[in-house]
S.K.: 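Pasting a structure below so you can have a look.
Sequence lines set the chain letters: A, B, ... in the order given, protein chains first and strands last, and positions in each chain run from 1.
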Number of protein chains: 2
Amino acid sequence: MAIQDFSQSLPMMLYRALDEIMPKFRCIFNEFALTEQQWRILRVLWEHDKITLGRLSDLTLIPSPSLVGIVDRLIKAKLIRRERSDADRRMIFVVATEEGRNLEAKVMPRVNEIYKEIKEPFSMQQWGQLIDGLDQISHFNKKTVTNEHKE
Amino acid sequence: MAIQDFSQSLPMMLYRALDEIMPKFRCIFNEFALTEQQWRILRVLWEHDKITLGRLSDLTLIPSPSLVGIVDRLIKAKLIRRERSDADRRMIFVVATEEGRNLEAKVMPRVNEIYKEIKEPFSMQQWGQLIDGLDQISHFNKKTVTNEHKE
DNA sequence: TATTAATTGTTAATATATTAACTAATACGA
DNA sequence: TCGTATTAGTTAATATATTAACAATTAATA
């Protein structure tokens, strides 16, 4: 019944894992004058030619109110542009400029290098278990229990 | 050689896991007029009667520049207080007030409830593997390879 | 078709993160 | 003991997160 160690709680372990690996990546982003969030947006645009702000928010995990300013700064840096939808005038598409697309070839190799370094000490099975566990956490609010109707 | 899916990268999986579980906790914190960071500080003070700002920063994973303001606001809420060290006048201890200590009995049960809910769908083995994996990530910068001298 | 509801983005206010520079106090070496 | 390096906290500037409220547009429905 005693208080368990706060440092070993799941949230703190997740935060600590991020604190440990992200500075390495941010170091690279900074070399290209990018913030982590700006990187995330570009990273998604390299996989999607054209994407609405809503979907961009989902894929980057950047909350929409934050997205507004981050997109503004990326536009000022001439790396992306806004494009209002004709079909539905509420929607706004975001598109990478040529300069934005060109960054991919420069940044991705550096990032993949670090990524490989992080992954290296893991066995393939260990890594799979880690990813599976994280994936299960990520679906916590959707289907806690599969074989049972909830509410 | 093609770009792997950004959404399945380790950093995004970690962020997504946090995005999924933290709102539930924050919901409780807000009931007690606490922010997540304020909670973290109190949570640590419930395990340590007296702690320096530096160590508090390490345990809460709150960067020291942020800590200043967060501690200020907790003091204004009469939940903690500062106490300068006599032995080393550079150091500042943080201590919970009685009001701050009293929060533990009210908040912890609610938090433990959610925590149990998150942990529930996992087998004990699965959970252990997840924690071990996160722990290994957290030691990335310390000892990437054990049986080898680096540098 | 006029109203209402839902969707998509945005603005605003406050709190926190990031990075660099800075102060005060202490430790250390010539 | 003086000068220097180190350590503990802080301040400053900018970027982002969180929450609530809001505007514009579209969808739904009586």
Side-chain angles (χ1 to χ4, degrees), chain A residues 11 15-16 18-31 33-42 50-77 79-80 82-94, chain B residues 11 15-16 18-31 33-42 50-77 79-80 82-94:
Chain A
Y15 280 125
R16 198 157 41 241
L18 281 166
D19 275 11
E20 198 68 17
I21 62 174
M22 293 319 291
K24 291 239 172 188
F25 288 114
R26 291 194 195 109
C27 187
I28 296 174
F29 303 154
N30 289 344
E31 287 181 40
L34 295 173
T35 66
E36 184 189 335
Q37 286 75 3
Q38 291 175 348
W39 144 266
R40 281 196 226 167
I41 291 176
L42 288 175
K50 200 177 186 179
I51 192 172
T52 66
L53 281 173
R55 189 148 166 61
L56 188 57
S57 172
D58 289 340
L59 291 177
T60 57
L61 302 181
I62 295 173
S64 10
S66 304
L67 207 50
V68 178
I70 302 172
V71 163
D72 281 345
R73 286 181 280 275
L74 273 174
I75 290 178
K76 192 182 296 181
L79 296 175
I80 65 173
R82 282 196 179 85
E83 206 170 274
R84 188 172 288 275
S85 164
D86 291 322
D88 185 337
R89 313 257 328 135
R90 285 171 301 187
M91 297 197 294
I92 289 193
F93 290 110
V94 173
Chain B
Y15 281 125
R16 197 157 44 240
L18 281 167
D19 275 12
E20 200 68 17
I21 62 175
M22 292 319 291
K24 290 239 171 184
F25 288 113
R26 293 195 194 109
C27 187
I28 296 174
F29 304 154
N30 289 345
E31 286 180 40
L34 294 174
T35 66
E36 184 189 334
Q37 286 75 4
Q38 291 175 348
W39 145 266
R40 282 196 225 167
I41 291 177
L42 289 175
K50 200 178 187 180
I51 192 172
T52 64
L53 281 174
R55 188 147 167 61
L56 188 58
S57 172
D58 289 340
L59 291 178
T60 57
L61 302 182
I62 296 172
S64 9
S66 303
L67 207 51
V68 179
I70 302 172
V71 163
D72 282 343
R73 285 181 281 276
L74 273 174
I75 290 178
K76 192 182 297 180
L79 297 174
I80 66 172
R82 282 196 180 86
E83 206 170 274
R84 189 172 286 276
S85 163
D86 291 323
D88 186 336
R89 314 259 324 136
R90 285 172 301 185
M91 296 197 295
I92 290 193
F93 290 110
V94 173

S.K.: Please report, to 0.1 Å, the donor-acceptor pairs under 3.5 Å made by any side chain of residues 53-75 of chain B, with sequence neighbours excluded.
M.R.:
from    : atom 1 : to      : atom 2 : distance (Å)
B:Ser57 : OG     : B:Ile62 : O      : 2.7
B:Thr60 : OG1    : B:Leu56 : O      : 2.6
B:Thr60 : OG1    : B:Ile62 : N      : 3.2
B:Asp72 : OD1    : B:Arg82 : NH1    : 3.0
B:Asp72 : OD1    : B:Arg82 : NH2    : 2.9

S.K.: Could you tell me the separation between the CZ atom of A:Arg90 and the C1' atom of C:dT8, rounded to a whole number of Å?
M.R.: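 It is 6 Å, rounded to the nearest whole Å.
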
S.K.: Would B:Leu79 and B:Ile41 count as a side chain to side chain contact (heavy atoms under 4.5 Å, CB included) here? Give the steps.
M.R.: CA-CA 10 Å; B:Leu79 297 174; B:Ile41 291 177; over 6 Å; no

S.K.: Atom CE of A:Met91 and atom C1' of C:dT10: how far apart are they, to the nearest Å?
M.R.: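 One finds 17 Å between C1' of C:dT10 and CE of A:Met91, rounded.
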
S.K.: Reading DNA chain C from 5' onward, which residue's closest nucleotide shows up sooner: A:Arg82 or B:Asp88?
M.R.: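 Going by which nucleotide is closer to the 5' end, it is A:Arg82.
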
S.K.: Which residues satisfy the salt bridge (charged side-chain N to carboxylate O under 4.0 Å, His left out) test with B:Asp88, sequence neighbours excluded?
M.R.: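 For B:Asp88 the salt bridge (charged side-chain N to carboxylate O under 4.0 Å, His left out) partners, ignoring immediate neighbours, are B:Arg90.
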
S.K.: Measure the CD1-CD1 distance between B:Ile80 and B:Ile51 for me, rounded to the nearest 0.5 Å.
M.R.: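 With rounding to 0.5 Å, CD1 (B:Ile80) is 11.0 Å from CD1 (B:Ile51).
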
S.K.: Send over the distance from B:Ile92 CD1 to C:dA24 C1', rounded to a whole Å.
M.R.: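 Nearest whole value for this atom pair: 11 Å.
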
S.K.: Let me know, please, whether A:Pro63 or A:Arg84 comes out on the 5' side of the other along DNA chain D by nearest nucleotide.
M.R.: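 The 5'-side residue here is A:Pro63.
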
S.K.: Could you tell me from which nucleotide to which nucleotide of DNA chain D, 5' to 3', there is an atom under 4.0 Å from chain A heavy atoms?
M.R.: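 Answer, 5' to 3': D:dA15 to D:dT26.
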
S.K.: For DNA chain D, find the residues of residues 64-73 of chain A with a heavy-atom distance under 4.0 Å and give them by number; none if there aren't any.
M.R.: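 Heavy-atom cutoff 4.0 Å gives A:Pro65, A:Ser66, A:Ile70, A:Arg73.
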
S.K.: Restricting to salt bridge (charged side-chain N to carboxylate O under 4.0 Å, His left out), what partner residues turn up for A:Glu83, sequence neighbours left out?
M.R.: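 For A:Glu83, the residues satisfying salt bridge (charged side-chain N to carboxylate O under 4.0 Å, His left out) (neighbours in sequence not counted) are A:Lys50, A:Arg81.
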
S.K.: The criterion is salt bridge (charged side-chain N to carboxylate O under 4.0 Å, His left out); which residues satisfy it with B:Glu36, sequence neighbours excluded?
M.R.: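 Checked B:Glu36 against salt bridge (charged side-chain N to carboxylate O under 4.0 Å, His left out); matches are B:Arg26, B:Arg40.
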
S.K.: Who passes ring pair (Phe, Tyr, Trp, His ring centres under 6.0 Å) against A:Tyr15, sequence neighbours left out?
M.R.: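 Counting only residues at least two positions away or on another chain, A:Tyr15 forms no ring pair (Phe, Tyr, Trp, His ring centres under 6.0 Å).
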
S.K.: Where is the tightest heavy-atom contact between B:Ala33 and B:Gln38, given as atom of each residue plus distance?
M.R.: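 Answer, listing the atom of B:Ala33 first, then B:Gln38: O-OE1, 3.8 Å.
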
